[in-house]
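None of these values were measured; they are calculated from a predicted model.
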Amino acid sequence: MLLNVLAVGDVVGEGGQDILARRLPGLREETGAHFAVVNGENASGVGITPAQARRILDSGADVITLGNHTWNRIQIGAFLDKEERILRPANYAGRVPGRGAGVYQCQGLRLLVLNLMGRVELNANLDSPFKAANFHLNREKYDLALVDFHAEATSEKGAMGWHLDGRAAAVWGTHTHVPTADCRVLPQGTGFVTDLGMTGPVNSVLGIKPENSLNLFLGGLPRRYEEAEGNCKLNACLFTIDTDKKKCVAVRRTDIEE
């Protein structure tokens with residue numbers, strides 16, 4: 001059987017939530033996606049609230065993954081403990097709410113979804129994502145593994161793809177909000193892309209008003225980032241997996257721009 005997994009890039013602000021709600025159901029139907037994973041860590045601009053998480057799930061996401069802004073909306077903590085369909089990075093050090101991996105039923109299969117975060121130029125209070133990947137892949141009982149690696153450096157993301165080649169069916173990068181053109185299947189059968197991109201305003205700098213970003217780069221005082229306005233896009237990739245061989249056979253972009 002061929003299993004289609006849709007991975008959707010970081011949802012940014014109200015605009016990102018809106019286009020996701022309007023377009024994800026149709027995109028799932030168009031692509032024949034059996035399962036959808038959405039990164040929602042920027043639903044509030046930085047962070048996500050329980051209400052925003054529920055909206056993303058109601059829009060058609062089977063699982064929400066997060067990243068370095070997980071704790072920017074601290075009220076999400078209790079929700080992470082209650083809702084099994086939302087994951088925070090598994091390699092957070094110390095005692096934090098929630099879980100970093102979950103096993104979900106789909107088409108008679110057990111899908112392990114693993115959320116990891118990189119350490120290059122990000123939060124230093126993290127355990128090794130590579131060791132965390134080994135731990136969960138060796139411990140959990142599953143048929144196929146899917147990994148969202150939330151990381152800054154393209155080198156770290158690429159290294160994770162090769163580290164998990166043949167062990168995970170799909171590995172995709174999130175966080176940098178820029179879609180990359182390197183969709184491929186690695187030699188041992190793992191589908192990989194360095195970054196999915198983002199779901200949010202088109203005329204922006206990573207989803208925020210350009211003037212906010214320019215102010216900082218031109219030496220202005222730091223100020224609160226504001227979500228950009230106008231038309232939005234939805235960046236995603238579709239991974240097609242041969243469930244008998246437990247290998248990915250195709251990866252393609254499925255982007256929408258309004």
Side-chain angles (χ1 to χ4, degrees), residues 6-21 24 35-104 111-119 121-127 129 132-133 136 140 146-152 172-177 195-201 206-208 224-228 232 234-236:
L6 189 66
V8 181
D10 309 41
V11 175
V12 181
E14 290 295 326
Q17 293 173 64
D18 181 62
I19 190 173
L20 186 80
L24 181 57
F35 195 78
V37 182
V38 177
N39 189 287
E41 75 133 12
N42 291 115
S44 285
V46 285
I48 186 172
T49 67
Q52 291 164 343
R54 291 188 192 97
R55 185 181 181 191
I56 291 174
L57 292 170
D58 290 344
S59 297
D62 293 295
V63 177
I64 299 170
T65 51
L66 301 176
N68 60 302
H69 292 306
T70 297
W71 313 118
N72 285 77
R73 298 290 179 264
I74 198 63
Q75 62 266 45
I76 198 65
F79 188 78
L80 291 174
D81 280 332
K82 292 189 299 184
E83 176 56 74
E84 295 183 353
R85 294 174 295 170
I86 184 169
L87 304 174
R88 47 81 175 157
N91 57 315
Y92 269 120
R95 298 165 61 183
V96 295
R99 59 193 61 79
V103 177
Y104 309 92
L111 303 185
L112 168 65
V113 181
L114 178 59
N115 190 187
L116 298 168
M117 189 160 75
R119 294 198 293 187
E121 298 185 11
L122 281 177
N123 187 337
N125 190 29
L126 295 168
D127 293 329
H136 284 282
E140 309 287 352
L146 312 171
V147 179
D148 176 344
F149 188 33
H150 198 79
E152 182 77 30
W172 57 82
T174 57
H175 175 67
T176 48
H177 292 204
D195 201 273
L196 298 175
M198 74 167 189
T199 298
L206 308 183
I208 67 166
R224 183 178 178 272
Y225 281 158
E226 301 169 288
E227 178 191 351
C232 289
L234 188 159
N235 288 148

Pairwise side-chain contact, N39 with D148, heavy-atom cut-off 4.5 Å (strictly under) = yes
Answer yes when R73 and E41 have at least one side-chain N-carboxylate O distance shorter than 4.0 Å, and no when they do not.
-> no
When every non-hydrogen atom of E227 is compared with those of G15, the smallest separation belongs to OE2-N, 2.7 Å
D62 side chain to A36 main-chain N or O, any donor-acceptor pair under 3.5 Å?
-> yes
Validation row: V103, L111 side chains within 4.5 angstrom (heavy atoms) | no
If every non-hydrogen atom of F149 is compared with every non-hydrogen atom of M117, which pair is closest and at what distance?
-> CE1-C, 3.6 Å
Is the shortest heavy-atom distance from the side chain of V113 to the side chain of L87 under 4.5 Å?
-> yes
Where do V37 and V8 land on the side chain to side chain contact (heavy atoms under 4.5 Å, CB included) test, with the steps shown first?
-> CA-CA 6 Å; V37 182; V8 181; over 6 Å; no
Closest non-hydrogen atom pair, G60 against L24 | C-CD2, 3.7 Å
Under 3.5 Å, side chain of S59 to main-chain N/O of R55, donor-acceptor pair present?
-> yes
Do L80 and I86 have side-chain heavy atoms sitting under 4.5 Å apart?
-> yes
Compare every heavy atom of R88 with every heavy atom of W71, then report the nearest pair and how far apart it is.
-> CH2-CG, 4.4 Å
With a 4.5 Å heavy-atom cut-off, do Y92 and D127 have their side chains touching?
-> no
In terms of heavy-atom contacts, L116 and P89 come closest through C-CB, 4.2 Å
T199 side chain to G16 backbone, donor-acceptor under 3.5 Å | no
So do R99 and N115 actually touch side chain to side chain, heavy atoms under 4.5 Å?
-> no
Go through the side-chain N and O atoms of H175 and D10 and say whether any donor and acceptor fall under 3.5 Å apart.
-> no
Before giving the answer on side chain to side chain donor-acceptor pair (under 3.5 Å), spell out for H177 and N42 the whole-Å C-alpha distance, their side-chain angles and the decisive distance to 0.1 Å.
-> CA-CA 10 Å; H177 292 204; N42 291 115; 3.0 Å; yes
Q52 versus A43, closest heavy-atom pair with distance = NE2-O, 3.6 Å
Evaluate the side-chain proximity of I76 to P50: yes if any heavy-atom separation is below 4.5 Å, no if none is.
-> yes
Hey, is CD on E84 packed in by over 12 heavy atoms from elsewhere, all under 6.0 Å?
-> no
Under 4.5 Å between any side-chain heavy atoms of L112 and L146, yes or no?
-> no
